[in-house]
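Inspection log for the structure reproduced underneath, given as structure tokens.
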Amino acid sequence: MSKDTIAAIASGMTHGGIGVIRVSGNDAIPIVDTVFKAKKSGKKLSNEETYTCHYGYIYDGEEKIDEVIVLLMKAPRSYTAEDTVEIDCHGGILVMRKILDILVKHGARPAEPGEFTKRAFLNGRIDLSQAESVMDVISAQNEFALKSSMNQLNGNLSNEVKELREKILHETAFIEAALDDPEHYDLDGYSEKLQVVVDELLDRMNHLLETSDNGQMLKEGIHTIIVGKPNSGKSSLMNVLLGNDRAIVTDIAGTTRDVLEEHLNLDGIQLNVVDTAGIRSTEDVIEKIGVDRARDYVTRADLILYVVDSSRALDEDDDEIIEMIKDKNVIVILNKTDLDPVISKEDLEMKIDAPIILISAKEQSGLENLKNKIKDLFFHGELSYNDEVYLTNARHKSAFINSVESLKLVKQSIEDLVPEDFYTVDLLNAYEQLGLVIGESVTDDLVDKIFHEFCMGK
């Protein structure tokens with residue numbers, strides 16, 4: 001790890017009431033001391049207690065640059081576990097840049113993206129899963145994602161991984177001890193005991209994997225596609241859900257010719273909603289492109305809202321749509337219930353095995369039932385957040401999958417009556433894979449890649 005003293009604008013490069021410049025490293029306090037003059041003459045930050053604030057001015061030589069408050073946090077009780085100084089100045093881009101340039105001139109260097117959090121990880125203040133959750137907290141777009149990220153930052157996932165690793169390591173150590181000292185450690189009947197432990201580990205890890213899709217959707221949102229024939233009310237539904245006229249609505253079939261994407265917060269659940277062109281056979285070149293895009297989006301959807309006009313009979317276009325979506329998570333929306341119906345709920349039940357909701361987008365009726373069905377489909381109707389551990393990171397999920405596969409090999413070895421010394425190879429691999437989650441066994445390249453995705457100043 002570089003021992004340079006680093007500095008960056010932590011409040012973002014935008015105008016605001018207050019700007020924050022963060023400095024961290026062995027020389028953070030001396031460097032700020034050279035440019036900061038306290039209102040009370042003669043005060044030196046190096047002589048002050050940690051967790052104190054100091055009012056004064058930043059100078060460039062004899063030129064006063066800005067009026068500031070300086071926050072002093074001495075190692076190891078700081079974000080990076082190093083001496084850290086934060087300068088609260090006025091939030092203008094020019095003045096923040098000027099102060100950063102002065103700090104660099106006096107010995108700091110500009111921080112790389114994520115370098116403050118990287119130092120917190122390398123100095124042992126947080127593990128890698130907690131470090132990754134920092135950016136999840138910053139980028140959270142809904143209440144569920146925020147609480148899940150805070151849970152991870154507080155160590156919920158770390159604690160679960162450490163418990164699992166501890167159990168694996170205990171069994172590995174016992175086997176190794178028994179092989180080295182058979183007089184004091186007896187392996188008779190041990191295979192049966194190990195199988196119980198492995199089954200328990202697999203149950204806990206498989207539960208996390210089974211809920212990982214929910215965790216990913218909590219974090220990133222449910223990729224939701226609205227499909228249907230032209231003029232079935234897809235765009236009207238999108239507008240009602242969003243609460244504004246985002247999509248153009250007319251009585252002319254085929255008005256929507258491209259995809260429209262918007263984000264919707266549904267009682268704390270993020271929906272990434274895409275309105276697509278009406279699916280039908282068409283000779284119109286532009287409309288055909290839109291229809292092809294709609295078909296492509298269907299293949300990547302987490303949730304499909306299939307909108308059917310209850311005042312028009314089903315036809316071959318509906319048959320094509322139903323065939324396309326039959327193996328997906330689908331909610332059928334029987335729209336325009338304010339008009340004389342031609343299609344009943346029973347008619348649709350004969351065509352597709354999916355929940356059917358009756359609504360009128362025009363009169364905004366039935367929408368609460370639709371929202372509840374979405375919650376039921378993905379979160380079993382549980383609106384309140386619980387403290388369950390979720391895997392919200394694809395890297396973590398991959399490590400858990402690999403660890404599970406290694407434990408399955410241990411179980412197979414037990415069933416095949418393989419000698420105990422063979423168990424340790426797969427047990428250790430399971431242990432190492434889980435170590436990737438919390439950063440116990442990661443390469444420098446992976447660490448660099450993770451932190452380069454962070455924002456500047458964090």
Side-chain angles (χ1 to χ4, degrees), residues 127-130 132-133 136 144-145 147-149 151-152 154-175 190-220 222-223 269 302-303 327-329 375-382 384-418 420 422-442:
D127 66 36
L128 194 56
S129 68
Q130 291 173 298
E132 289 170 299
S133 69
D136 291 342
F144 283 93
K147 289 184 176 179
S148 178
S149 301
N151 248 349
Q152 188 165 310
N154 290 333
N156 285 26
L157 177 59
S158 303
N159 293 336
E160 179 71 9
V161 169
K162 288 172 184 175
E163 282 186 26
L164 293 168
R165 295 185 89 217
E166 186 176 336
K167 286 180 178 293
I168 294 171
L169 190 60
H170 174 80
E171 300 305 326
T172 306
F174 181 84
I175 295 171
Y190 173 73
S191 296
E192 290 78 6
K193 295 178 183 178
L194 178 60
Q195 181 152 355
V196 173
V197 174
V198 170
D199 285 340
E200 179 196 341
L201 291 168
L202 286 172
D203 286 344
R204 290 172 65 174
M205 294 167 68
N206 280 325
H207 175 72
L208 284 170
L209 287 171
E210 286 165 6
T211 60
S212 63
D213 287 342
N214 278 1
Q216 196 73 16
M217 284 185 286
L218 286 173
K219 175 183 172 183
E220 298 178 357
I222 301 170
H223 191 47
I269 300 171
D302 298 318
L303 171 65
D327 296 323
K328 296 281 189 176
N329 287 318
K375 297 166 193 170
D376 287 339
L377 192 59
F378 286 93
F379 305 106
H380 311 293
E382 297 175 4
S384 60
Y385 183 84
N386 56 55
D387 290 331
E388 183 174 356
V389 178
Y390 287 100
L391 295 179
T392 60
N393 184 302
R395 189 182 69 80
H396 301 169
K397 181 178 179 180
S398 175
F400 265 78
I401 289 172
N402 292 335
S403 186
V404 164
E405 290 305 312
S406 292
L407 289 177
K408 285 180 179 178
L409 291 175
V410 175
K411 189 172 180 179
Q412 187 62 51
S413 296
I414 295 171
E415 293 171 358
D416 293 343
L417 304 178
V418 171
E420 287 83 355
F422 284 87
Y423 303 163
T424 58
V425 175
D426 294 316
L427 284 170
L428 282 174
N429 191 56
Y431 178 84
E432 289 292 316
Q433 287 297 322
L434 289 176
L436 292 173
V437 175
I438 57 177
E440 291 287 339
S441 51
V442 290

Going from [atom1] on [X] to [atom2] on [Y], what distance comes out if it is rounded to the nearest 0.5 angstrom?
X	Y	atom1	atom2	answer
Glu210	Leu391	CD	CG	11.5 Å
Asn159	Leu164	CG	CG	11.0 Å
Ile222	Asn329	CD1	CG	9.5 Å
Ser191	Leu417	OG	CG	7.5 Å
Leu407	Leu202	CG	CG	5.0 Å
Gln152	Asn393	CD	CG	7.0 Å

Answer whether the closest heavy-atom distance between the side chains of [X] and [Y] falls below 4.5 Å.
X	Y	answer
His170	Val197	no
Arg395	Leu128	yes
Leu434	Met205	yes
Asn206	Leu209	yes
Glu163	Arg204	yes

Closest heavy-atom contact between Leu157 and Ser129?
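Closest pair (atom of Leu157, atom of Ser129, distance): CD2-CB, 4.3 Å.
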
Considering non-hydrogen atoms only, spot the tightest contact between Ser149 and Ser133 and give its length.
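Closest pair (atom of Ser149, atom of Ser133, distance): O-CB, 3.6 Å.
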
List the steps, then state whether side chain to side chain contact (heavy atoms under 4.5 Å, CB included) holds for Ile175 with Leu427.
CA-CA 10 Å; Ile175 295 171; Leu427 284 170; 3.9 Å; yes

Donor-acceptor check, side chain of [X] to backbone of [Y], threshold 3.5 angstrom: yes or no?
X	Y	answer
Ser398	Ala394	no
Gln130	Asp127	yes
Asp302	His223	yes
Ser403	Phe400	no

May I ask you to say whether Glu166 pairs ionically with Lys162, meaning some side-chain N is under 4.0 Å from a carboxylate O?
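Looking at Glu166 and Lys162, the cut-off is not met.
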
Would you find more than 12 non-hydrogen atoms of other residues, nucleotides or ligands less than 6.0 Å from Phe174 atom CZ?
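Enclosed: over 12 neighbouring heavy atoms sit under 6.0 Å from CZ of Phe174.
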
Would you say NZ of Lys167 has more than 12 non-hydrogen atoms from neighbouring residues, nucleotides or ligands within 6.0 angstrom?
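Counting neighbours around NZ of Lys167, 12 or fewer heavy atoms of other residues, nucleotides or ligands fall under 6.0 Å, so no.
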
With side chain to side chain contact (heavy atoms under 4.5 Å, CB included) as the criterion, how do Asn402 and Leu436 come out once you've worked through the C-alpha distance, each side chain's angles and the decisive distance to 0.1 Å?
CA-CA 11 Å; Asn402 292 335; Leu436 292 173; 5.9 Å; no

Could you check Val410 against Glu171 for side chain to side chain contact (heavy atoms under 4.5 Å, CB included), going step by step and ending with a plain yes or no?
CA-CA 12 Å; Val410 175; Glu171 300 305 326; over 6 Å; no

Chi angles and distances behind the side chain to side chain contact (heavy atoms under 4.5 Å, CB included) call for Leu208, Glu160
CA-CA 10 Å; Leu208 284 170; Glu160 179 71 9; 4.0 Å; yes

